[in-house]
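Values below: all heavy atoms of this structure, side chains included; hydrogens, waters and symmetry mates excluded.
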Amino acid sequence: MLPKGLRRVSQESFDEVVQGNIDDFELEAEEAVLEAIKEFELQGVDLKEIDKTYAGPDGRGEHPASVAAKAYAAVAEATPTAPDALRAAGAALRAQVTGEGAVAGW
């Protein structure tokens, strides 16, 4: 639960503000991110779950955990009797969701 008065913003909204700072004010990516952070914090927005890196002009694409889940499903459907392949795909999925590969804010 958020402390009283704190609001949340989606990753997509944060990325749009960063891109707007670049497009509208001709800021460099790092400066545009810092300005977006400052702007949201002044509005009382909780950014702890937001990935505060520049997504690029084309956005972030598909969440890495979604990609890993689809790969796991494809392996499970294609080779249901190949336990090593399933374990490897499951490990990759687990890493995207809970391990070092996990990306906050998606």
Side-chain angles (χ1 to χ4, degrees):
M1 179 135 198
L2 287 174
K4 189 171 179 134
L6 277 184
R7 300 182 321 205
R8 288 209 173 156
V9 65
S10 69
Q11 185 69 54
E12 182 179 11
S13 294
F14 181 84
D15 292 343
E16 287 175 0
V17 169
V18 172
Q19 191 62 50
N21 286 344
I22 291 170
D23 295 342
D24 298 342
F25 304 113
E26 299 179 1
L27 299 178
E28 294 296 321
E30 187 175 309
E31 190 177 12
V33 168
L34 292 174
E35 286 299 317
I37 291 169
K38 214 184 309 182
E39 181 178 334
F40 282 117
E41 286 177 347
L42 284 172
Q43 295 174 26
V45 175
D46 178 18
L47 296 175
K48 74 177 173 218
E49 297 295 323
I50 297 297
D51 181 352
K52 297 170 200 78
T53 59
Y54 177 52
D58 297 326
R60 294 186 188 276
E62 191 170 11
H63 191 287
S66 176
V67 172
K70 288 177 183 175
Y72 181 80
V75 169
E77 290 171 7
T79 56
T81 58
D84 290 339
L86 281 173
R87 272 194 287 279
L93 174 57
R94 190 171 26 265
Q96 289 299 326
V97 175
T98 62
E100 274 186 37
V103 179
W106 280 70

(Q) Is it true that Q19 and D15 share a donor-acceptor pair across their side chains at a distance under 3.5 Å? (A) no
Q: Could you walk me through whether E12 and R60 pass salt bridge (charged side-chain N to carboxylate O under 4.0 Å, His left out), step by step?
A: CA-CA 9 Å; E12 182 179 11; R60 294 186 188 276; over 6 Å; no
**Q.** Heavy-atom pair with the smallest gap, counting every atom of V17 and A36
**A.**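 Heavy-atom minimum between the residues: CG1-CB, 3.8 Å.
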Q) In Å and rounded to the nearest 0.5 Å, what is the OG1 to CD distance from T53 to E30? A)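 Answer for the OG1-CD pair, T53 versus E30, is 11.5 Å.
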**Q.** Atom pair CG (D23) and CD (E16), whose distance is rounded to the nearest 0.5 Å
**A.**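 Reported to 0.5 Å precision, the distance equals 11.5 Å.
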What I'd like to find out is whether the side chain of [X] reaches to under 4.5 Å of the side chain of [Y], using heavy atoms alone.
| X | Y | value |
| --- | --- | --- |
| I22 | Y54 | yes |
| E49 | Q11 | no |
| F14 | K52 | yes |

Q: Say whether, by atom type as modelled, one donor and one acceptor occur between the side chain of Q96 and the main chain of S66 under 3.5 angstrom.
A: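 No, because the side chain of Q96 does not come within donor-acceptor range (under 3.5 Å) of the backbone of S66.
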Q.
Whether the side chain of K38 engages the backbone of V33 through a donor-acceptor N/O pair (distance < 3.5 Å, no angle test) should be reported.
A.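 No; judged by distance alone, with no hydrogens or angles, the pair does not exist.
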Q: Run the numbers on V45 and R8 for side chain to side chain contact (heavy atoms under 4.5 Å, CB included), then give the verdict.
A: CA-CA 5 Å; V45 175; R8 288 209 173 156; 5.6 Å; no
Q.
Counting neighbours of CD on E41 that are heavy atoms of other residues, nucleotides or ligands and sit closer than 6.0 Å, is the number greater than 12?
A. yes
